Amino acid sequence: MQVTETTSEGLKREFQVLLPASELEDRLNSELSNIKGKAQLKGFRPGKVPVAHLRKVYGKSVMADVLQNAVNEANQKIVADNSLKLALEPQIEFPKDEEKNIVEKALEAKGDLAFKVKLEVLPTFELVDLSDVTLTKPVLKPSDEEVQEALDRMAKQNRDFRAKDEGAAAETGDKVTIDFVGKIDGVEFEGGKGEDVDLELGSNTFIPGFEDQLVGAKAGDSRVVKVSFPEDYQAAQLAGKAAEFDVTVKGVQAPGEVKIDDELARRFGMEDLDKLKEAVSKAIGTDYDAASRRKTKKALLDALDGKYAFELPPSLVAQEFASVWAQVEQDLKNREKTFEDEGTTEEKAQEEYRKIAERRVRLGLVLAQVGETADIKVSDDEVNQALFARVRQFPGQEKAVYDFYRNNPQALAELRAPLFEEKVVDHVLAQVKLVEEPVSKEALFADDDEEAAPAETNEAAAEKAAG
C-alpha cells in the first residue's frame, strides 16, 4: 500500500492511496481460502469447494469486504504515521468514473485501486498562563426570612382541607373539585378536559381569570367560565385565543389551619422542625451555589475565549452551527415568531449564532487540551452514577433506559463529556484568582437564560481532542 500526502493547507490534509491489483488479488484469495474450509455448497463435500467456484459465488461480497478493510487500514496508517488528531471521520473519494463499479474492477483485476483520503485535523496550540486572570464569584447565603417563606409555602401546600357545609359558597383559598370541558369557537380542544380536578382558588394554577369566576360557586353548580389564553402560552395553537369552559363544581372544601411544627417536619420525613429547617436551608443554598457556579463558569469561559485565537476545523464549526441553528428555528416555530418579530433578520441571526458555534468549538478544544495535559480522567464509577441519575428520571422505564445507554457507546459518551468538562473547569478555576462578591438573589439569577447558550462548550470537540 502506497500512501502519499498531496495537500496540506491549514487544518486540511489530503492523501493519495494506491493499492496494487496484485495485492488486492492476494487479499481476495486469502479470504476465499479461509471460506473454503467452512463453505457448504450443494454438490461439493465440505472443504472441497474449488476456490474458482467460491470466487464466482462469493467474489463480490468478499471483495467488498477486502476494499473496506483496505480503506480502514489506509486511514489507520495515515493517522499513525503522521501522528494526527482528527476533527471528524475521514472522507474517502474514489475516481468518479469508478465509483459505481469499483468492486467489479477490483474483482477482475483491471487495475490498481486508487483513492483519496480527505481529513480535517485538530489545531495545535500552547496553553496560556492564567495567573493574571481575576474572576468574581457571586455568593449568596439563604436568609432566615427565605427559610421561613419556604416553610410557609410548604405548610400551606400540605395543610388539610375539610368539606364545607352543604350550600356553602366557595371563597378564595378554598379548594373546589371540578369537572370541566374547554371549547374554542364551540369546539372542544385537546387537553382542555378534566374530571375530579382539585383546584385551590387564588393559587393562580389555571389560566388567569378562571379561578376568579368560581368564587361563590356551590357544590352541584354548573358555570360557564370565559377566559383568554395568554399570548405567550406554551401551547402555541392556543396562545391568545378566547375559550369557554363548561364547569361542574362537585365539592367545596375549606382550608385548615397552617401549622409549622414537628408534625409538618415528619410529613417530609424529618425528625423535627429544626431538621426540616436545616434541610430547607441546604436546598436553597444548593440552588444558590448552582447559580453561582453557572456565572463563575461563564466568566471563566469568557476569559479563556479572550486568551485563545487559533484556526478552527471548518467541519466542526459547521456541525455545531447546524445544531445551534436547528434549535433557533425550532424555538421560533414553537413560539410562532419570525426573525422580524425578534428585531433582527435571518442573515444577522445566522452571523450571531455562527460566532456562538465558533466559540463553543474553540472552548471545547481548549478544555480538552487542558484536561489531556493535566491527565484528568472520568472514572467508570462516576459514569455509572451519572447513568443511574439519568435512569431515575424515567420512572417505569428504568430497564429500557439503562440498556439503551449500556448498548450505545455514543450515548454513554454523552454522559461522560459533561463530567469531564466540569472536572476541567475545576482544574482551571484553581489557576485563577477568585474574588467572592456577596450579591442579591435578583443579581444572582439575572440573565440566566440569556447566558446559557454562549456559555456552553462543544462537547463533541472536547471528546475528539481528549481522545
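The first residue of the sequence shown is numbered 1, and numbering continues consecutively from there. No experiment lies behind these values; they were computed from the predicted model shown.
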Does a side-chain heavy-atom distance below 4.5 Å link V227 with E244? no

R335 and E342 ion-paired at < 4.0 Å: yes

What's the spacing between S440 OG and L140 CG if we round to 0.5 Å? 7.5 Å

Lys/Arg N to Asp/Glu carboxylate O, E422 vs K297, below 4.0 Å: yes

If the threshold is 4.0 Å, N to carboxylate O, is there a salt bridge linking K250 and E195? no

Is it the case that atom NZ in K441 sees more than 12 heavy atoms from other parts of the structure closer than 6.0 Å? no

How many angstroms lie between CG in D221 and NZ in K218, if you round to the nearest 0.5 Å? 7.0 Å

Which word best sums up how the rings of F229 and F189 line up, parallel for under 30°, tilted for 30 to 60°, or perpendicular for over 60°? perpendicular

Enter the distance from D152:CG to Q157:CD here, rounded to the nearest 0.5 Å. 11.0 Å

Min side-chain heavy-atom separation Q91-K116 under 4.5 Å: no

Quick check for you: to the nearest 0.5 Å, what is the distance between N204 atom CG and D212 atom CG? 8.0 Å

More than 12 heavy atoms of other groups within 6.0 Å of E126 CD: no

Lys/Arg-Asp/Glu bridge criterion (N-O < 4.0 Å) met for K85, E372: yes

Taking atom CD of E414 and atom OH of Y405, what is their separation to the nearest 0.5 Å? 7.0 Å

Is K348 salt-bridged to E351, cutoff N-O under 4.0 Å? no

Check this for me, if you would: do D375 and K377 make a salt bridge, where the nitrogen-to-carboxylate-oxygen distance has to be below 4.0 angstrom? yes

Is the NZ atom of K355 crowded by more than 12 outside heavy atoms at less than 6.0 Å? no

More than 12 heavy atoms of other residues, nucleotides or ligands under 6.0 Å from CG of D185: is that the case? no

Hey, mind stepping through D144 and Q148 against side-chain hydrogen bond (donor to acceptor under 3.5 Å, both in side chains) and telling me if it holds? CA-CA 6 Å; D144 292 341; Q148 187 60 47; over 6 Å; no

Is atom CD of E166 surrounded by more than 12 heavy atoms (other residues, nucleotides or ligands) closer than 6.0 Å? no

Hey, mind stepping through D331 and Q327 against side-chain hydrogen bond (donor to acceptor under 3.5 Å, both in side chains) and telling me if it holds? CA-CA 6 Å; D331 177 62; Q327 294 176 13; over 6 Å; no

Can you check side-chain contact (heavy atoms from CB on, under 4.5 Å) on V224 and V247, steps first, answer last? CA-CA 6 Å; V224 176; V247 180; over 6 Å; no

Mind checking whether P90 and V79 have side chains closer than 4.5 Å, heavy atoms only? no

Nearest 0.5 angstrom please: K183 NZ to F245 CZ, how far? 11.5 Å

Contact between F180 and T248 at the side-chain level, heavy atoms closer than 4.5 Å - yes or no? no

Carefully, step by step, assess F321 and Y353 under the rule ring pair (Phe, Tyr, Trp, His ring centres under 6.0 Å). CA-CA 7 Å; F321 173 75; Y353 284 103; 8.0 Å; no

Pairing residues for V280 by the side chain to side chain contact (heavy atoms under 4.5 Å, CB included) criterion, not counting sequence neighbours: V147, A150, L151, M154, L276, I284

Does a donor on one side chain sit under 3.5 Å from an acceptor on the other, for Q16 and T6? no

Steps toward side-chain hydrogen bond (donor to acceptor under 3.5 Å, both in side chains) verdict (S131, D129): CA-CA 6 Å; S131 60; D129 180 19; 2.9 Å; yes

Please determine if K141 and D289 form a salt bridge, counting it only when a charged side-chain N lies under 4.0 Å from a carboxylate O. no

Please lay out, stage by stage, how S379 and E382 fare under the test side-chain hydrogen bond (donor to acceptor under 3.5 Å, both in side chains). CA-CA 5 Å; S379 69; E382 290 170 318; 3.3 Å; yes

